[in-house]
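A quick note: this is a predicted structure, and the numbers were derived from the prediction, not measured. Below, chain A is the first sequence line, B the second, and so on; all start at residue 1. Values below: all heavy atoms of this structure, side chains included; hydrogens, waters and symmetry mates excluded.
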Amino acid sequence: MTYQSTLLRLLDERGYIHQLTDAEGLDALAAKQVVPGYIGFDATAPSLHVGSLVQIMLLRRLQQAGHKPVVLMGGGTTRIGDPTGRDESRKMLSDETIEANIASIRTIFERFLTFGDGPTDAVMFNNHDWLGKLGYIQLLQEVGTHFTINRMLTFDSVKLRLDREQPMTFLEFNYMILQGYDFRHLARNMGVRLQMGGSDQWGNIVNGIELARRMDGTEVFGITTPLLTTADGAKMGKTAAGAVWLNDDALPAYDFWQYWRNADDRDVGKFLRLFTDLPLDEIARLEALEGSEINQAKVILANEVTRLCRGEEAARTAEATAAATFAGGGLGQDLPVLELPTAGLGMIDALVGIGFAASRGEAKRLIAGGGARIDGEAVTDESFHIAGGAERRISSGKKKHGILRPA
RNA sequence: GGACAGGUGGCCGAGUGGUUAAAGGCAGCAGACUGUAAAUCUGCCCGCGCAAGCGUACGCUAGUUCGAAUCUAGCCCUGUCCA
């Protein structure tokens with residue numbers, strides 16, 4: 001359909017919309033007033049990773065379209081653990097850890113959103129502020145009467161777990177109730193009209209909408225984003241090396257940049273639309289590039305995302321490092337560094353020391369497989385000794401490079 | 001509380017006394033081919049050791065045995081059904 005509101009047009013043309021609860025209603029509302037919309041985030045780690053980036057960008061788009069982004073930190077719900085998409089119950093976190101995580105995560109949002117007191121300025125809430133005060137009896141009375149077990153059991157988050165014969169605790173079972181309560185609370189006390197989230201949050205969002213209607217007669221809306229996987233089917237933001245963290249201190253900017261630079265060809269257009277502010281016609285031009293030319297688009301993608309998330313300088317340095325390292329066969333300042341003693345260093349120790357191998361055995365296998373290089377030359381002798389005195393380039397495979405710098 | 005089923009390497013999943021550091025698959029790493037892509041093919045894939053070998057590992061503990069992931073007992077955890 002063709003949307004009247006800037007908001008829905010923007011979201012639609014950039015590929016953020018998977019499902020909408022009431023397209024016409026929301027479109028009409030967004031066309032005539034500022035819509036405060038929220039997304040909830042977990043506080044299980046001190047940083048969010050790329051898997052949350054769609055949601056973060058969604059809040060950014062909301063603000064770009066003249067509405068008010070509301071970041072809801074799950075300080076309370078994190079104490080429960082969202083069972084959605086999980087086979088195993090989550091470990092409990094201490095209050096101090098959760099508070100520290102929230103503080104750390106906030107720094108990310110400050111890069112993507114403008115916070116303040118104005119009508120379209122972003123705000124952040126912590127659901128512990130109200131969930132923490134909720135008494136059990138009170139909750140049962142006010143909220144419990146609006147949920148039937150029959151219906152709760154049909155939700156995917158519950159059903160999948162039961163079907164897979166995986167345990168689900170009562171604690172987790174209550175997650176959807178608390179999340180529904182959040183929406184109702186924000187709608188009632190902060191004027192929030194919209195909740196957004198991943199497609200797996202549909203059930204939770206719908207619960208909140210229903211709860212707000214039944215308890216207060218308020219009409220609120222929901223949008224979910226498509227489940228984002230990379231072209232080869234993996235979840236966004238998870239690599240075997242670990243999650244692609246957004247915070248500076250959780251993942252070096254160079255590695256962050258490389259994640260985007262190594263995107264699958266097929267994902268380039270989608271990523272540019274979702275994760276950069278580039279105009280659509282420019283994106284159309286970039287994604288039309290064929291063969292090795294698509295690499296130009298990947299560099300732009302990496303630059304743009306890194307700039308948004310890590311700042312202009314981080315993006316520039318990462319690009320320069322990549323250019324020097326890959327095109328020039330030289331060294332960029334962003335590469336990992338290991339001190340090279342004057343007496344030199346054994347190849348195995350160097351590989352382990354710089355983090356390219358987790359154990360000596362792994363380093364040996366790397367050498368035996370021909371993947372270990374010094375200054376671009378394959379080292380096949382595991383007793384190889386790297387002479388000290390000069391800066392050397394050490395590599396594992398074609399992509400991982402590091403600097404051995406004389407002490 | 002009772003009956004039954006189950007708990008194996010990052011994940012899935014074979015294995016029911018020695019030839020099992022444990023089939024196979026996925027994921028991962030490296031090589032070839034390329035474009036720092038994908039697909040494909042090849043090698044690797046618990047730790048230490050140049051190696052012989054040693055150590056650790058099949059929920060936990062104790063046993064039986066020359067020898068246990070495999071047998072016994074107790075315990076813990078999970079599921080299904082019953083109370």
Nearest-angstrom distance, [atom1] atom, [N] to [M]:
N      : M      : atom1 : result
B:rA14 : B:rG24 : P     : 15 Å
B:rC29 : B:rU78 : P     : 35 Å
B:rA69 : B:rU19 : P     : 9 Å
B:rG31 : B:rC45 : C1'   : 15 Å
B:rA68 : B:rC41 : C1'   : 40 Å
B:rU72 : B:rU64 : C1'   : 7 Å
B:rA62 : B:rU70 : P     : 14 Å
B:rG9  : B:rC44 : C1'   : 16 Å

What's the closest nucleotide to the [X] side chain, out of [options]?
X        : options                : result
A:Arg360 : B:rG35, B:rG49, B:rU36 : B:rG49
A:Ser396 : B:rG35, B:rA30, B:rU36 : B:rA30
A:Glu382 : B:rG49, B:rG47, B:rC50 : B:rC50
A:Lys400 : B:rU36, B:rG35, B:rC29 : B:rC29
A:Lys399 : B:rU36, B:rG35, B:rA38 : B:rU36

Whole-Å gap separating [atom2] ([N]) and [atom1] ([X]):
X        : N      : atom1 : atom2 : value
A:Ile348 : B:rC50 : CD1   : C1'   : 9 Å
A:Ile300 : B:rA37 : CD1   : C1'   : 16 Å
A:Leu351 : B:rA30 : CG    : P     : 11 Å
A:His385 : B:rC50 : NE2   : C1'   : 17 Å
A:Arg266 : B:rA37 : CZ    : C1'   : 9 Å
A:Phe326 : B:rU34 : CZ    : C1'   : 14 Å
A:Arg393 : B:rU36 : CZ    : C1'   : 11 Å
A:Lys398 : B:rA30 : NZ    : C1'   : 9 Å

Checking [Y] against [X]: is there a side-chain donor and acceptor pair closer than 3.5 Å?
X        : Y        : answer
A:Asp182 : A:Gln195 : no
A:Asn303 : A:Trp260 : no
A:Ser5   : A:Asp27  : yes
A:Gln201 : A:Gln179 : yes

- [ ] Answer yes or no: does a side-chain N or O of A:Ser359 lie under 4.0 Å from OP1 or OP2 of B:rC48?
- [x]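 For A:Ser359, the contact criterion (side-chain N or O under 4.0 Å from OP1 or OP2 of B:rC48) is met.
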
TODO: List the steps and the verdict of salt bridge (charged side-chain N to carboxylate O under 4.0 Å, His left out) for A:Glu319 and A:Arg316.
DONE: CA-CA 5 Å; A:Glu319 188 191 5; A:Arg316 254 206 288 267; over 6 Å; no

Open item on the list: Does A:Ser383 reach a base, just sugar-phosphate, or nothing at all? Heavy atoms under 4.0 Å.
Closed with: nothing

Task: Touch class at under 4.0 angstrom, heavy-atom based, for A:Asp264 against every strand present - done: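 The residue A:Asp264 makes sugar-phosphate contact but no base contact.
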
Task: Residue pair A:Thr225 / A:His18: nearest heavy atoms and the distance that separates them - done: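 It is C-CB, 3.4 Å.
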
TODO: List in numerical order all residues of residues 363-372 of chain A for which some heavy atom is under 4.0 Å away from an atom belonging to RNA chain B.
DONE: A:Lys364, A:Arg365, A:Leu366, A:Gly369, A:Gly370, A:Gly371

